[in-house]
Every structure is written in structure tokens, then in C-alpha cells.
Amino acid sequence: MRTFDSIADLLNQDRPGYTLPQGLYTSEEAFKFDTEVMLKSVWLYACTVAHVKNPGDYFVFDMADNSVIILRGKDGQIRAFYNTCTHRGAKLCDAQKGSMPRVMCPYHFWTFGLDGKLIAARGMPEGFDKGANGLREVAIENLGGLLFICFADNPPPIDRAKADISEAIAMYDMSKLKVAAQEELIDQANWKLVMENNRECYHCESNHPELLNSLSGEGFGKGNPEDGVAGSHEAVDAERKHWQEMGIWRDLIEFPDNWWHRVARLGLAHGALSQTIDGQPASRKLIWPFDHAEPTSISVWTHPNSWHHFCCDHVITFSVMPLSAGQTLVRTSWLVHEDAVEGEDYTVENLTKVWKATNRQDRKLAELNHAGIATDGYRQGQYALEENLVDAFKTFYVERGKAALEAAG
């Protein structure tokens, strides 16, 4: 394995409360480190159970040179396998998603069951052991309907995050949702800058008019007493007792005990009932266990690559993956009730309008950020108080990066 001595030096230059050294954002060496070491050592958000809703449904998750098939078996279990035939290594699934009765290699037609076991391999010598040639598994965990994978041979613990997230979003029952729309954008910026942009709303007032129809920015690093930044608290305080009586209130969970997840019930702004342009539900079929809408949503953030919003009528999930030192894939999925009918209960345009606009605005900001950091004028800059969640993400990256380097020897 590569030594990554230069990356170790840069990680050691980290300053608490400041941005990362330039090379960790812009260098090819940092991209190799992130995709070959750091990101392989942690849990990564991949997709939802709704992406693999029925037996035979699959979804392909890629990170640099690694490709994983997430597949629902005939027994209903969801498993993850390397997208690699165990014969001579050909890629098995070229399409990103689909459905199939079994997995068949397009090269020599080796055939695998939906459980990964090898079913057929033509012309192999006597004594060939099919049982030893099944697909190679990748660790996968279901956190309340959000599917996370880990490339490590010995994945880190996930129990605390699994319990907290699953309990918070259980009311939205993601097993009864479907993917209504999905979009992939490529930002010309380093993936860490895309994530950092998401972790604050310091930039929102001057950049996100559509989003601010329903979100005030409170709860994104300000507005909660726990954040240490003054805010009106009005959207939450006015409704907290009511939500407690409904049984939906959840106290803020903010990266507890050095864990990698944050969960917050947020009040929506301006009387909005959903994250839409007009603040009204995007779908007539509500997805939570009440027959009416409320001005609230639950947001979930996970280090290092995702965030999610759960409204009463739909869910939006986001994943981030590095494509190169200066390119990042941002995948957004919109989920609605499985019985909702497009054109009757919802329209894709209305469902997706707010976050399509916001994603493009964020893309521009991340690209400006990357372009400025790449110049000789860049120096590590100090975070504002409202950027405490950015600092939390950066600290996670540095600490997990150092730990991954140490473990790799």
C-alpha cells in the first residue's frame, strides 16, 4: 500500500476552528487517499430500501474504482456484493439500477443467485467448488430504511447511529415508499467542499430564495440552544409542546460521543407544511401516521457523505461521492408513498423544484470555493460561530483520516 506521507503531514497541519490545508482539497494525492484509505474505513450512505423495493431489484453504488451491487433477494433480504465476477473479474452490472431474476456475468455467463451464491459455471475442471466462488460480500446496514455500506474488512461500530436514526424516522416507514425522481449532478469542486457547504446555512439568506420559503436556516448551526448561536427559536418553540403531545418531538442528537450522525426535528418557516415552493405538501398521500400535515420535518446528517429531509408527504435523500480531486457526484432522490400516483397525487416538477434549484445554487458556491482555494492566495480560514457543523465535519475527516492511516500501517 502507498505510504501517503504527504497526506499525514497535511493532516497534522490541521488547526482547530480553521479550514483544511490546501492540498487536502486540491491534490491528486488527497483524492487517492480519500478513495483508497479514508472513505473505505467508514460507513457510507448508498441508497434507500425504496431503491431496491422488490426481489431482484438492484442499485449500483460506485466509489472511484470500486463498484457495489445492492440487491434484494427472493427472501426479502438486502445484500451488497462487489460488482465483480469471481471468474475473471468482469463487471457484472453496467446499468446503475434495474431488476433481474439472477446475476449473470456478460462475459462468460457465470450465473449467481440473488443471494450471491454461484449457480452455474460452464466447463470448469473436476473438483471445482461452486460454494467457494460466490460473489464477494460488502458490509451493509439498514438504518430505518437508509442503506449504508462499508468497504473495511472489519467495519467500525454502527449500533448507536442505527438506533438513533431508525427510531427518529420510523414513523415515515420507508418500506412503503417509492422513488419518484432521482437526479445526479457533477460539481466541479472537491467533495469535502460540497459537504462543507451543506453543513452550514451561513450562506443561505443570500443564495437560496426557493429553499427559504420553507426553511429558515435555524437548526443548521444556529437557532437551537445547543448550537451556541443566537436565534429566534420561534419555529420550534411555538410548536414544541404540541409535537410532544403528538409523540413526534425528538431532542437534538448532534454527533454524540464522537459518533457521526446528527438528527433534528426542525420547524418549517412561514407556515410551510413541506419543503416546496408554496409550502404545501407535494403529494396528497402523506407518509407519516397522521391524517394532516404539520409545519415540521426531520433532518438527518451523516458524516462523511449524506443528508436527508423527512417531510410529512415526501423524503429527499442526498449522497456525495468524489469522482476526482476536483469533481464530485451529488445524487438526490425524492421518495413518495408507494400508492401515490404521478399526475394525480403529485407532479415531479413540483416535488423536485426547491431542491433542484438549491442544488444548482450550491454547485455554483462549491465551485467558486474550489477555484479560490486552488490559487496561491489561499490560507486556512477561520470558521464563523454559525459554521460549527462545518468544523465538526472537518474534524471527523481529520480524525478518521489519521486513524485510517495508522491502521493501514
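Counting only heavy atoms from C-beta outward, the side chains of Val68 and Asn83 never approach each other to under 4.5 Å. Residues Ile277 and Val354 form a side-chain contact, since some pair of their non-hydrogen atoms from C-beta on lies under 4.5 Å apart. Annotation: side chain of Ile70 is not in contact with side chain of His51 (no heavy-atom distance under 4.5 Å). Using a 4.5 Å heavy-atom threshold, the side chains of Leu147 and Val49 count as touching. Counting heavy atoms from C-beta on, the side chains of Trp307 and Ser299 never come closer than 4.5 Å. For the pair Tyr107 and Cys85, the minimum side-chain heavy-atom distance is 4.5 Å or more. Tyr82 places none of its side-chain heavy atoms less than 4.5 Å from the side chain of Leu135. Inter-residue side-chain proximity for Ile158 and Leu143 is flagged as met; some heavy-atom pair is nearer than 4.5 Å.
Heavy-atom minimum distance, Asn350 versus Ala282: ND2-CA, 3.8 Å. In terms of heavy atoms, Phe393 sits closest to Pro304 at CE1-O, 3.6 Å. Minimum heavy-atom separation, Leu215 to Ala269: C-CB, 4.0 Å. Taking all atoms of both residues into account, the shortest heavy-atom contact from Ala30 to Gly23 is CB-O, 3.4 Å. Counting all heavy atoms, side chain and backbone alike, Ile169 lies closest to Gly144 at CD1-O, 3.5 Å. When every heavy atom of Met100 is checked against every heavy atom of Leu71, the shortest pair comes out as CE-CD1, 4.1 Å.
Of the possible polar contacts, one joining the Arg72 side chain to the Lys53 backbone as a donor-acceptor pair under 3.5 Å is found. Of the possible donor and acceptor atoms, none in the side chain of Asn190 sits under 3.5 Å from a partner among the backbone N and O of Thr26. Here the side chain of Ser283 pairs no donor or acceptor atom with the backbone of Pro281 at under 3.5 angstrom. The backbone N or O of Trp110 sits nowhere less than 3.5 Å from a side-chain atom of His108 that would complete a donor-acceptor pair. For the pair Asp57 (side chain) and Asn54 (backbone), a donor-acceptor distance under 3.5 Å is present. A donor-acceptor contact shorter than 3.5 Å is absent between the side chain of Lys402 and the backbone of Ala8.
Open room surrounds NZ on Lys32; 12 or fewer heavy atoms of other groups in view lie less than 6.0 Å from it. Under a cut-off of 6.0 angstrom, the local environment of NZ in Lys91 is crowded, with over 12 non-hydrogen atoms contributed by other residues, nucleotides or ligands. Few gaps surround CG on Asp75; more than 12 heavy atoms of other groups in view lie less than 6.0 Å from it. Annotation for Glu406: atom CD does not count as buried by contact number, only 12 or fewer foreign heavy atoms lying within 6.0 Å.
Atom CZ of Arg136 sits about 9.0 Å away from atom OG1 of Thr84, to the nearest 0.5 Å. Within the model, atoms SG of Cys204 and CD of Glu386 stand 8.5 Å from one another, a figure rounded to the nearest 0.5 Å. Within the model, atoms CG of Asp62 and OG1 of Thr35 stand 12.5 Å from one another, a figure rounded to the nearest 0.5 Å. Here the CZ-NZ distance, from Phe112 to Lys130, works out to 11.0 Å after rounding to the nearest 0.5 Å. The CD atom of Glu210 sits 13.0 Å away from the CD atom of Gln275 when rounded to the nearest 0.5 Å. Cys311 contributes atom SG, which lies 11.0 Å from atom CG of Leu286 (distance to the nearest 0.5 angstrom).
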Exercise. Stepwise, does the side-chain contact (heavy atoms from CB on, under 4.5 Å) test hold for Glu29 with Leu10?
Worked result: CA-CA 11 Å; Glu29 188 76 352; Leu10 289 170; over 6 Å; no

For this session: Report the C-alpha separation of Phe255 and Leu389 in whole Å, then their side-chain angles, then the decisive distance to 0.1 Å, and conclude whether the side-chain contact (heavy atoms from CB on, under 4.5 Å) test is met.
Result: CA-CA 10 Å; Phe255 309 115; Leu389 300 181; 3.9 Å; yes

Exercise. Step by step, would you call Asn305 with Met321 a side-chain contact (heavy atoms from CB on, under 4.5 Å)?
Worked result: CA-CA 7 Å; Asn305 80 313; Met321 271 291 109; 3.7 Å; yes

Problem set entry | Trace of the side-chain contact (heavy atoms from CB on, under 4.5 Å) decision for Trp259 with Ile253 | CA-CA 10 Å; Trp259 276 80; Ile253 298 171; over 6 Å; no

Exercise. Checking ring-ring contact (aromatic ring centres under 6.0 Å, His included) for the pair Trp355/Phe318: CA distance, chi angles, key distance, verdict?
Worked result: CA-CA 10 Å; Trp355 278 104; Phe318 307 80; 4.8 Å; yes

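Applying the side chain to side chain donor-acceptor pair (under 3.5 Å) test to every pair with at least one member in residues 312-330, sequence neighbours left out, gives these pairs: Tyr45-Thr317, Gln188-Gln327, Ser274-Asp313, Ser274-His314. Applying the side chain to side chain donor-acceptor pair (under 3.5 Å) rule to pairs touching residues 150-170 yields Glu141-Lys162, Arg160-Asp164, Arg160-Asp257, Asp164-His261, Glu167-Arg250, sequence neighbours excluded.
With hydrogens and angles left out, the side-chain atoms of Gln13 and Gln380 include no donor and acceptor closer than 3.5 Å. Ser333 and Gln182 form a side-chain donor-acceptor contact under 3.5 Å, judged by distance and modelled atom types alone. Counted by atom type alone, Trp260 and Asn258 present zero donor-acceptor pairs between their side chains at under 3.5 Å. Residues Thr332 and Asn359 bring a donor and an acceptor atom of their side chains to less than 3.5 Å of each other. Side-chain contact check for Asn133 and His87: no donor-acceptor pair (N or O, by modelled atom type) lies under 3.5 Å. In this model, a donor atom of one side chain and an acceptor atom of the other lie less than 3.5 Å apart for Thr296 and Arg265.
With Arg199 as reference, His303 is the one residue of Lys394, Arg262, His303 to meet the side-chain contact (heavy atoms from CB on, under 4.5 Å) rule. Just one residue in the list Asp187, Asn369, Asp362 forms a side chain to side chain donor-acceptor pair (under 3.5 Å) with Asn197, and that residue is Asp362. For the side chain to side chain donor-acceptor pair (under 3.5 Å) with Tyr25, the lone residue among Lys192, Glu196, His370 that qualifies is Glu196. When Arg363, Arg331, Lys353, Arg360 are each tested for a salt bridge (charged side-chain N to carboxylate O under 4.0 Å, His left out) with Glu183, only one passes: Arg360. For the side-chain contact (heavy atoms from CB on, under 4.5 Å) with Leu24, the lone residue among Tyr397, Phe33, Phe31 that qualifies is Tyr397.
Relative orientation of the Phe290 and Trp288 rings is perpendicular, given thresholds of 30° and 60° on the angle between their planes.
Not counting sequence neighbours, the partners of Val348 by the side chain to side chain contact (heavy atoms under 4.5 Å, CB included) test are Ala181, Glu342, Tyr346, Thr352.
The pair Lys178-Glu338 does not meet the salt-bridge criterion, since no charged nitrogen lies less than 4.0 angstrom from a carboxylate oxygen.
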